[in-house]
Every structure is written in C-alpha cells, then in structure tokens.
Amino acid sequence: MADDTVKKFKEPGQTQMLNKLWELQRSNGYIHDDDIKQLAQVFNLSEIEVEGVASFYHFFHRKPTGKNTIYLNNSIVADIKGFNRIKETLERETGATFGSVDRTGTFGLFLTPCIGLSDQEPSALINFYPFTNLNVIKVKDIISKLKKGATAESICDAPADNIRYTPPDNKSVFFKKFVPGVALAKMKKLWPAAVIKEIKKSELAGRGGAYYPTWKKWNAARVQAALPKFVVCNADEGEPGTFKDRVLMNTQAKSLIEGMIICGYTIGAEYGIIYLRGEYWWLKHKLDAAIKEYRAAGLLGKECSQIKDFDFDIRVQMGAGSYVCGEETALLESLEGKRGEPRTKWFFPVEKGYLQLPTVINNVETFCAAARIIEMGSAEYTQLGIPGSPGTKLISVSGDCKLPGIYEIEWGMTVAELLELCEADDPYYIQVSGPSGECISIKEKFRRISMLDLLARKDIRCGGSFMIFNKQRDLVKVLLNFSEFFKQESCGICTPCRAGNFIIQRKLKRLENGLANETDLQELKSWGTIMKNTSRCGLGKTATNSLIYAMDKFHDYFAAKLDNDFNGLNLKFDMEAATKDYEKYKI
Amino acid sequence: MASMVNLTIDGKNFQAEEGKNLMLVAKENGIFIPSLCYYEHIEPPLGSCRVCTCKINGKYGPACTEKVSEGLKVEVNNEELKDTRKALVEMMFAEGNHICPACEKSGNCDLQHMGYELGVSSTRFPHLFKDRIIDYKPNRMVMEHNRCIKCLRCVVEVVTNDGKKVFNYLNRGNETYVGVDYEQEAKLTEEEAINAMKICPTGAIIVRGANMAEPFGDRKFDMESVQKNYNEKKPKLNRPTAMEKKIVATVSLAGCFGCHMSMLDIDTELLDLIELISFDKSPLTDIKTFTNRCHIGLVEGGCCNSENVETLRKFREHCDILVALGECSIWGGLPSMRNSIPLSECLEEAYLNSVTNEPGNNIIPYHEDLPKILDRVYACNEIVKIDYYIPGCPPDANHIWKAVKNLLWGEEYSILYSEFKYD
Ligand SMILES: Cc1cc2nc3c(=O)[nH]c(=O)nc-3n(C[C@H](O)[C@H](O)[C@H](O)COP(=O)(O)O)c2cc1C
Ligand code: SF4
Ligand code: SF4
Ligand code: SF4
Ligand code: FES
C-alpha cells in the first residue's frame, strides 16, 4: 500500500510558519522585510499577520543579531550567581551593549529569561549552544576564541545532568535502566480502556504543574469521535528555575517517546508532536535520533509496534522564545504557526485542540511516568510515596545550596529533608514551582511535599522546582525580577495581565525606593487578587501569587521598607528626582 | 430546537436555551453585565477585556465565554464582583491615554460608557503614560494607539474580500499594539472602513473625513443609563434645619480654570449658595494665603511644577476635606499629554525651536524665584491624600455643587447619569 493513501490528512501550510521563520533567523541572523512579504505570499496571509507572529517570539528579530548571537540568562538564580559581572564582561569583551550588535556585526548581546540551566548559572546561549558556569575568565576565553573564528558549536559545553538524588534501594522510577520496547510490549497486552484503568490506579496527575488527573484527560480524548487525534508533549519548560524536563529529555528520551506512543494507542491518535522550547535547540538532535531509532525498529510509524491499524509518528516542533507558549492552548496556537495567545475556555483541547481536532497535551515528566507505570505496573508504582500521593517526583533545585540539580523524591518528603540533601546554605526564602508558584519561609520547613491538601495548606504541591534564597538576598529584588518576567512574557491579550503586571511593577519600585506606605501594601494585595480572579490564563492568574504570599509570610521585612513618617495626608514625594531633568537648565 | 435549561443568576431562576451565551441570556432577562470586547455575532467570543467577570458555579470567569447549561449558578452583582469589574475599566483608563474632550468618539465610546455606568470617577491605578504613536500612514484611516484597549474586535472582524486580515496584534506583553496592514487597508471600501470604525469600541480607529460630530445630548451615551436602577437613591432633601456657614478654599494648579468656570455655571442658585459658604484662599476672592482652617478645599489641576506641589500641600494642611476637581486634578488630564515625552524635548520645542520665538531670545527660563518644572505632570493623589474625586473636563456644575453640599451638610442627592461625564 502506498504511503500517501494512509496520510490522507495534511496539516495546513501555516503550521510551518515557525519553522520557516527559524530557518531565516538562523541562516541570516534576522528576518528581513522581504522575508515577511514572501512568507505572506507563501501562506496566503496579509503581511501584518506574519509580522504579528514574528514579533511575538523574542528569538525572532527584525534587525541583524550578529554573527554570534549571545543570549544571557537574567533569571533571579543567575542574578545571585553573578549575572552582573558576566554582563559587564560580555559588553567589555565584545564591544556590544545589551540589546544590540557591535559595530563589526560579530556579536549581538541579548537578555532572555531562564534557559533551563539554573543548576549551572550563570549561563548563556551562543547561537543556541549552551555555555554554563560562566565566570569572567571563561567569558574572556570564549569571546577570544569566537573572535578567532571558532564556532559556538565547537566550543560549547555539554550541560551536566546533575542527578543528585534518587530514592534509595533502587526505587527510582524515572532514572532506572530503560529497555526500549518493554513498556510497549506490556501495553500491547492491554485494551486502551485497560491502559486508562492502570493510569487511573496509579493516580498519575499532570506534572506540568496543574495536577489534572492524566487518566481523565486521556479518557476524554478517547471518547471523541473526530479524527485524526493528536498527542502533544509540552516540552516548553519555561518556568524559571525548572530544568527537570531538560534532564529527562537528555537521559530518558526513549521513555518519553514510549509514553507518547502509549497515549496515542490509548486515545487512538495518529500523530505526536513534541513542542520543544527554543532554548533547548541543543537537545533536539537527541530527540530526533531517538525518534529515528524507534522508527527503524518499527516501534513508530505505520502499524506501529506491530499493532494493526495503529499508525503513529512523532515530530519535534521548536518554540521560539515565549513562556506563555507553555500554556496548553497557547502552545496549540503556536503549533498552528500563530501568535502564542491562550484560547478562551470555549472548547477544551481534548474536544477541539490542535487544528480544532481532539488533542491530549501532557508534560514531559507525565509521559515518562506513564511509560514507567505501564512498564512496572501501577501496583508497584503505588508502593512508593504516601497514600493519596503515590510515586515519585522530580524537583529541580537551585539557588543558595551546595548541590543544585535534580532530586527524584518520593512524595511525602519534607522541605527540611530536601534542604538537607541539597546542603542549602542558611535558607530563608524558598520559591516553590517557580515565580508562578508559591513562596515559603524557612519556618514552614516541616511541611511535606505532595499532591495533597492544597486547600488545607498542610502539604506543598510542587510543580517541579525549589529556588533557595538565603537571608542576604533582597526579597523585593527577587519579586521585582519576577514581575519583570511576567511583564515581558504576558501575551498581551487580556487587560488584567497586560496592564496589571506593568502596574504591579511600578508599585514595587515605589516600595524599593522607600516611598510606599501600608496602603500601598494593601493595594498590591488587592490588585494582585483582581489579576488572579480575572486573567484569561494561568500566567496572569498566578503572576502575583508569590507577592501576595510574601507580604503575609514576611510581613516584618516589608514593614521595615515602609515610609515611617507617613501621617495619612502627605505622601512621600521625591522632589529632587522630579526636578532633576529641569535642573540641567540652571544657568 | 435546543432544549431549555434552568439556571440561576443572583439567586433568581431563569430558563434559557442550552449552550446559549450567558451574556445574551443575561441581557434578554434585563440583567446588566458590563462588557467591552463582546460582540454578539463573533464566535467563539473574544474574551479579552475581562470586564464581564462574574462568578460562575463558584469560580471567577467571564460571562461572555460561558455557555449556559443545566443548573448553572451565576453571581453577577455582589460588592466584590462590582468592584473587580470597575477595577478593570479603571485599568484601561490607566493603561491608555484617554483625553475624552479631545476625542472624536466621545459620547459614542463604549469604554467611556462603561466608566459612566460603573461610576468610575478616578482610577485606583497609577496612569502608565506609555508613549504611543498616532499612525497616519493608512490610506483612509488614522490609528490612534493611545485609545486602543486591545479588544481584538478589529483583528477578528475586519478582513478584505480575499479573507486577509487588515489589523493584527504586534509584539506582546505591555508592548502589544494593533498594527495596520497598509496594503490590505487600501483595499477596503469606504463602507468597510467606516464599519471598522464602528466596530471599534473606542476612538482608536478613525476614518478620515467621516464626520462624527454630534451635539452634546444627541450622542449615544449622553443621557440615559442602560441600567434600570442606575440611580437607586432618589434625591431626598433632608436639609438640616440650621445650616452652619462653611468655609471653602479653591485653587487652580496645572489646570485651565475651566473647572472654576463650571463652578459658576449653576446660575441663580449661586446666590443661595453664597449665603451658606464663605471663600477663603481662592481665585474667586483673590485671597492668596490661608486665613482660616477650611471645611473643604477644591483643587483644579494636577502638579506640573514645584510651586504646585507646595500649594497642594498647604491645601492639605488647611482643609478638612480635599476634593480633586476635574480630570487634570484627578490624573493629570490635558497637561499630562507631555508625560510620555521627555521634559527636555518639551522645553526645547517651546523655548528654543519654536517658530514664534523672537530672534536672539532663545533661552529656557530658569531662575531661583521661578517654580521648578517637574519631569512630568503628577496627579494630586500622588502628592497628598485626596478624599473625593469629581470627574469631568470640566465637571458638570450640578455635579460639583451636589457633591460639595453633600460633603458639607450631609444633604443627599443623586448624581444623574447625564451629569456624570468625562467631557
Ligand atoms: C503560563 C503557563 C506556562 C506553562 N508552562 C508549562 C511548561 O513549560 N511545561 C508544561 O508542561 N506545562 C506548562 N504549563 C501547564 C500547561 O498549561 C498544561 O497544564 C500542561 O502542559 C498539561 O500537562 P500535564 O497534565 O501533563 O501537566 C503552563 C501553564 C501556564 C499557565
Ligand atoms: S493572562 Fe496574560 S498571558 Fe494569559 S491570556 Fe491574559 S495576557 Fe495573555
Ligand atoms: S472617548 Fe473613549 S476612546 Fe476617546 S478618549 Fe474617551 S475613553 Fe478614550
Ligand atoms: S483598535 Fe479598536 S477594535 Fe481594534 S483592538 Fe483596539 S480598541 Fe479594539
Ligand atoms: S466582554 Fe467578556 S471578556 Fe470582554
């Protein structure tokens, strides 16, 4: 049978938009006006629509970005690990200033939020190859080599996996030896409904942070009549401080692929897509190689794994620098070659997802876990962890500790135990699950980490990361870093997030400058709550989470920052700052 | 026909067709839910402005993206939700640069209308004064980015005959703006262009030569509220028997004296009023320094120089109640048009490069006796605590005096919808 009789379904042209833009960006260093015109023609769109897509993603530029395009990470972890010195050194050595290209066009310097290497900061991407653990000497050396004509590819680092801890007695779920095909063989013996039953028994819930029961999502997609169906892996890992998916893809690409095949088999899907963040270009070949291997072994492709009528293949789609594209519906828009704007809740992705067809979207860790659960059986899996929260969880640990890296913990471990394992240095403030998660004070170190009791606030539900800060760190600076992040990464489609994050940042700056009073704190809280209640997607809903928690948990710290002379009538006003511009005209 | 379902809105039972948009169901049943981006025939709904946020089955969510289903429980009008929706409208005013008296759409503008319906007299948020351009390049249109609220309507609705978009978002985050495709825009017919202007809920899309001027009172949103119970409190003149004489101070800072002119607009009633109040420091009496403690201070204009700041502080010290009168005082108003431009550019334009300058007289004034010009115009509530706000540019005379009489003697009035205006 000819292949094209099977592949009746064709993805519309625009789904190639990001790939085309990437090609141009990577070969010419920028996207030219003529390119926009041409793409508009190719895809039969108006130019403004192409421009809209290109301007949404921050790795696409409309001006040259230099022969060596350098993206330095400006996340808060990078900041405490010496970001400023690296930034200065880069400017001095290359002769460019951040946001632009040097006169010779050799170097372009840009900032970007977390690149998923928080365990080896400061770090940067040069032509999308990783450079880790930077210091002044190393930067000088790199730049001098590049000046002499070395390619970034030839001198880049291979980021360490830093898997620091797995449960004792070989109880690791994710990192034990993976033999390709074993999980698939077990799957073949089960009906799709039985796979769902297994996953249900394991109580696996979404590891992208929302903890939606995986079996429910798969089941909802399974019962959809529309065809074809899609399995999408969310490998956007944009949450600052999180790098577990990076390590999984680097070491466990095969369990990821099998997890996706299992999902495809269960819901009756034909296509799988891995949406990989642009920051992880350097991981792409690993995934491609694994996919190729699976195809060659007949485990992917037509009658995949020798299952009759089951055709399933996987491709990798690169993102292009946008945190919000990790939100599942924004991701779908991005896959369709559009601006990564989250959709409304009018339809669910399982009903109308990619190209308005039934789609399951899961996180990398969710798929890896699913493969392992089928491989080991839910009975064994649920032996791990605690009742109501079985299994293990990967946590990316970074910040003020001696052993940053990946910790595979059994659910139920306490914060204190984890802090001890990573040899935290005088921890004071801990940011759990990234800027959009929650912050905890060291006073809460006896709380357990689990999927339980979110409302009772006894346990902590962790999306995947711990950023540890000691007492020397300025909390307002941390929060300002987060608010800058959300301001930059908001997609801009809804009012509370687009304007709200900007407004919150203004207010925080007042606090930093000692101009705020107690009313300002109350307003921050109230405005933050309004954003939470009205924003369209999780980005705006969670952007002020940490701020709101921090004001409660570290009230003394905030109180010390306030204007103490405030009598309720005259607000602090910095006349000197306000007249500085005019004083230039003093004769 | 779709089957009917039962739902409750604020505890009352309603029946509606299953799957129908909640916004429509509410409207058909006479329940007002504020909205800006919602446009009946756009499906799926846009859900971008969030002004229609309600509580749906206990969770916050926009009414316009909800399909009604059996047993749906909707809360629309509790104090928290009302305040939340009002905050969103305020946020749009704080985010854009809205100078209603100078806007072609004033009186017919949906954003302004929501401000009136929800009683937005000032924004709780600091104005952002982001520098935004006015795009004159399109053939037939002018795109006024200061007024766009990014509702998405034009992006989704305005397409050429061959299905190509004329508008699209560019950039992201707070840099997002609606770009115009000049080539496609040129293909629109006059009628289509005017339709784009009509679709836009604000004055962002203006078609050259299309006359929109209508006298005050004839415009769409001038006279009548869409809410049945806009004025819940009817005027009940519980005038206290003995009315103590009160002392009032007024000032015009960075304003145009328009608010003061408006104060005098109550005609003969002014004679009654003058029996009851005496003016202390005020341009109306020409008293320059405070001689008494005042019951109320009415401040017109914001602060554009150091002297404004000092005067405002004196007002705060000497007045029991301080009222910001008019848009300039409330958030900066017209003078704040300079806020998105660096001070040096403004001064150089005015004193050095201006064509009307006398030759050889090109100097930017600076003297220690002169007030110092601030880097931008500040709203009064950025300097001192302001107790009340009376919006308008200028505010309606009746609005001013009703508010003042209420504050001084506790007389109850309701401000009519037609008196609460921004232009
Ligand atoms: C702003 C935002 C960013 C997100 N980023 C990611 C991400 O990078 N990776 C991810 O797996 N999920 C991310 N999510 C969660 C996804 O929307 C979605 O819940 C998840 O991919 C579902 O997979 P799961 O059920 O396996 O967790 C993000 C959500 C939001 C609101
Ligand atoms: S909350 Fe922010 S990121 Fe999400 S849809 Fe709204 S503007 Fe976009
Ligand atoms: S009339 Fe509407 S668009 Fe025009 S300035 Fe006022 S609020 Fe803005
Ligand atoms: S230009 Fe008008 S219609 Fe278009 S997004 Fe802005 S406010 Fe909405
Ligand atoms: S009217 Fe519902 S979000 Fe705009």
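Letters A, B, ... are given to chains in the order of the sequence lines, protein chains preceding strands, and every chain is numbered from 1. What you see below is based on every heavy atom in this structure, not just the backbone, and it leaves out hydrogens, waters and symmetry mates.
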Considering residues, nucleotides and ligands other than [X], do more than 12 of their heavy atoms fall under 6.0 Å from its [atom1]?
| X | atom1 | result |
| --- | --- | --- |
| A:Q41 | CD | no |
| B:F129 | CZ | yes |
| A:F348 | CZ | no |
| B:E75 | CD | yes |
| B:Y366 | OH | yes |

Report the option among [options] that has the most heavy-atom pairs separated by less than 4.5 Å from atoms of chain B.
| options | value |
| --- | --- |
| A:K507, A:E523, A:K487, A:K572 | A:K487 |
| A:T579, A:V324, A:L539 | A:T579 |
| A:R339, A:K580, A:E49 | A:R339 |
| A:N501, A:I530, A:L515, A:V53 | A:I530 |
| A:C494, A:C497, A:G340 | A:C494 |
| A:K345, A:M575, A:K584 | A:M575 |

Spell out, as yes or no, whether a donor-acceptor pair under 3.5 Å connects the side chain of [X] to the backbone of [Y].
| X | Y | result |
| --- | --- | --- |
| A:S490 | B:G173 | no |
| B:D181 | A:E47 | yes |
| B:K67 | A:W346 | yes |
| A:R506 | B:L128 | yes |
| A:S46 | B:K164 | no |

With a 4.5 Å limit on heavy-atom distance, are the side chains of [X] and [Y] in contact?
| X | Y | answer |
| --- | --- | --- |
| B:E348 | A:Y585 | yes |
| B:M92 | A:T495 | yes |
| A:E51 | B:L170 | yes |
| B:R313 | A:N570 | yes |
| A:Y582 | B:D375 | no |

Closest approach of [X] to [Y] (non-hydrogen atoms, all atoms of both residues):
| X | Y | answer |
| --- | --- | --- |
| B:P126 | A:I503 | CD-CG2, 4.0 Å |
| A:F573 | B:Y378 | CE1-CE2, 3.5 Å |
| A:P496 | B:C49 | CD-O, 4.4 Å |
| B:T53 | A:N533 | CG2-O, 4.0 Å |
| A:T534 | B:R50 | O-NE, 2.7 Å |

Which answer fits [X], side chain, backbone, both or neither, if we ask what part of it has an atom under 4.5 Å from a heavy atom of chain B?
| X | answer |
| --- | --- |
| A:F486 | neither |
| A:T519 | neither |
| A:L45 | backbone |
| A:E583 | both |
| A:T344 | side chain |
| A:A40 | neither |

Most chain A-contacting option - heavy-atom pairs closer than 4.5 Å, from [options]:
| options | answer |
| --- | --- |
| B:L46, B:I364, B:I373, B:L374 | B:I373 |
| B:R316, B:R376, B:E66 | B:R316 |
| B:E43, B:K130, B:K59, B:K55 | B:E43 |
| B:P45, B:S344, B:G163, B:P44 | B:P45 |

Side chain, backbone, both or neither: which part of [X] has a non-hydrogen atom closer than 4.5 Å to chain A?
| X | result |
| --- | --- |
| B:V51 | neither |
| B:L322 | neither |
| B:C54 | neither |
| B:E382 | backbone |

Subject >> Check against salt bridge (Lys or Arg N to Asp or Glu O under 4.0 Å), B:E95 and A:R498 >> reply: CA-CA 9 Å; B:E95 189 195 20; A:R498 180 186 64 239; 2.7 Å; yes
**OP:** Indicate yes or no: does A:E489 engage B:R172 in a salt bridge with an N to O separation below 4.0 Å.
**Re:** yes
**OP:** Would you please indicate if the ring centroids of A:F56 and B:Y169 are separated by under 6.0 Å?
**Re:** no
Original post:
Rounded to the nearest 0.5 Å, what separation is found between the CG atom of A:D581 and the SG atom of B:C346?
Top reply: 10.5 Å
